[in-house]
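Here the structure is a predicted model, which means the values were calculated and not measured. Heavy atoms only: backbone and side chains are in, while hydrogens, waters and symmetry mates are out. Note on naming: letters A, B, ... go to the chains in the order of the sequence lines (proteins, then strands), and numbering restarts at 1 for each one.
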Amino acid sequence: MPELPEVEVTRRGIAPALIDHTISHFVVRFPRLRTPVSPEFACLRDLPVTSVDRRGKYIIIRTGSGAALIHLGMSGHLHLVSPDTPVIKHDHIDIVIAGGPVIRFNDQRRFGLFEWFPGNRDPLEDPRLVKLGPEPLEDSFTGQALHERLSRSRTPVKKALMDNEVLVGVGNIYASEVLFASGISPFRKACAVTEQECGVLVKNIREILEKSIARGGTTIHDFSGSDGSPGEYVNELRVYGKKGQPCPVCGTPIEHAVLSRSSYYCPRCQK
DNA sequence: CTGAGCTCCTGGGAGC
DNA sequence: TGCTCCCAGGAGCTCA
């Protein structure tokens, strides 16, 4: 389930195959994703790629004549494969690189997004991206900045951390992990988190996301990187999915509650 | 305006 | 064995 680290691992995996190469065409086998795949993809030819960027959980492939905006949804993968690799179930779209490999988009649950922005239309100006909050790995994301945003919200802090208008890239798994590392209860109102605690949150968000990127992301059910290898950060998880198991710090059994999504926490360490 | 809850989809697992 | 039900997850949408 791709959160920021999984998307970044994917971006880094496909970028070398794309940058300074040419996309010869796209193959769209199944356009009925949650949002229909832009019909233009079927007609595009010979697009020199200039950059492969990430904003939040979106990947942006810019070319000489437009940009592709991609979101992996909850079950999407982009795999680099050789052109003769047999198509399997849920292989919805191919990005065919001239004289090179194919980047194959597979998305079992079809919550992904594949949109084309022709000409100079910048995906970053799309309403969905304009409203996105700060990038947690950038220097401008500080405890003060996070506190400023959390102080306006009365929702539980765990839900606030998953709100991509507060910050981007933190999904359900990392929200549980970050709150555990910070000693903050997922139930606490966002506006009751102090500025000092926000500083701790920012530090832990950075550390956990960066460590996960370095380990290839987290594979719970079905994520894998561009080469198909599973993410190894799953072995580093301390509370997520560990209901009833002893807290790694104090030994108290980890508890589970539904806070928009499954949440895991230590009732003793997290206040 | 804010926050809670529902929805899209598929497949794996639990329970009967 | 085979069925039904529930759950996972991101994010847009509706409704109170």
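Going from atom NE2 of His77(A) over to atom P of dG10(C) covers 14 Å, rounded to whole Å. For the pair Ile70(A) CD1 and dG10(C) P, the interatomic distance rounds to 19 Å; values are reported in whole Å. Atom CZ in Phe187(A) sits about 17 Å away from atom C1' in dG3(B), given to the nearest Å. One interatomic measurement links the two molecules: NE2 of His256(A) to P of dC6(C), which rounds to 16 Å at whole-angstrom precision. Rounded to whole Å, the distance from CG on Leu33(A) to P on dG12(C) is 15 Å. The CG-P distance, from Leu167(A) to dA11(C), rounds to 11 Å in whole Å. Rounding to whole angstrom units, CE of residue Met162(A) and C1' of dA8(C) are separated by 12 Å. Atom CZ in Arg152(A) sits about 9 Å away from atom P in dT2(B), given to the nearest Å.
Contacts of Ser262(A) classified as side-chain hydrogen bond (donor to acceptor under 3.5 Å, both in side chains), with partners at least two apart in sequence or in another chain: His256(A). Partners of Ser38(A) under the side-chain contact (heavy atoms from CB on, under 4.5 Å) rule, at least two apart in sequence or in another chain, are Glu40(A), Phe41(A), Glu115(A), Trp116(A). Every residue meeting the side-chain contact (heavy atoms from CB on, under 4.5 Å) condition with Ala257(A), not counting sequence neighbours, appears here in chain and number order: Phe187(A), Tyr265(A). For the salt bridge (Lys or Arg N to Asp or Glu O under 4.0 Å) test, no residue two or more places apart in sequence or in another chain qualifies with Lys189(A).
Residue Lys131(A) has no polar side-chain atom (N or O) positioned under 4.0 Å from OP1 or OP2 of dA11(C). Phosphate contact (OP1/OP2 of dA4(B), side-chain N/O of Thr155(A), threshold under 4.0 Å): present. Close to dA11(C), at under 4.0 Å from its OP1 or OP2, lies a side-chain N or O of Asn164(A). At the phosphate of dG3(B), OP1 or OP2 sits under 4.0 Å from a side-chain N or O atom of Ser153(A).
Note on the helix from dT2(B)-dA16(C) to dC16(B)-dG2(C): terminal axis deviation equals 60°, with five pairs used at each end and the result rounded to 10°.
Within the structure, every pair that satisfies the salt bridge (charged side-chain N to carboxylate O under 4.0 Å, His left out) test and touches residues 148-158 of chain A, not counting sequence neighbours, is listed here: Glu148(A)-Arg152(A). Under the side chain to side chain donor-acceptor pair (under 3.5 Å) criterion, the residue pairs touching residues 197-208 of chain A are Ser182(A)-Asn204(A), Arg188(A)-Glu197(A), Thr194(A)-Glu197(A), with sequence neighbours excluded. The side chain to side chain donor-acceptor pair (under 3.5 Å) pairs that include a residue from residues 49-66 of chain A are Glu8(A)-Arg54(A), Ser51(A)-Asp53(A), Asp53(A)-Arg62(A), Arg54(A)-Glu135(A), Arg55(A)-Glu135(A), Arg62(A)-Asp122(A), where partners are two or more places apart or lie in different chains. Residue pairs meeting the salt bridge (charged side-chain N to carboxylate O under 4.0 Å, His left out) criterion with at least one partner in residues 164-187 of chain A, sequence neighbours excluded, are Lys131(A)-Glu165(A). Here side chain to side chain donor-acceptor pair (under 3.5 Å) pairs that include residues 80-96 of chain A, with residues two or more places apart or in two chains, are Arg29(A)-Asp94(A), Ser82(A)-Asp84(A), Ser82(A)-Thr85(A), Asp91(A)-Asn106(A), Asp94(A)-Arg104(A).
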What nitrogen or oxygen pairs link the protein and nucleotides 13-16 of chain C at under 3.5 Å?
none

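Comparing dA4(B), dA8(C), dG10(C) against the side chain of Ser262(A) picks out dA8(C) as the nearest.
The closest donor-acceptor contact from the side chain of Ser75(A) to the backbone of Arg109(A) lies under 3.5 Å. Side-chain N or O atoms of Ser176(A) include one that pairs as donor or acceptor with a backbone N or O of Tyr264(A) at under 3.5 Å. Looking only at distances, no side-chain donor or acceptor of His147(A) sits under 3.5 Å from a matching main-chain atom of Ala145(A).
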Letter by letter from the 5' end, nucleotides 5-12 of chain B scores (B base, S sugar-phosphate only, - none; protein heavy atoms under 4.0 Å) --BBBBS-
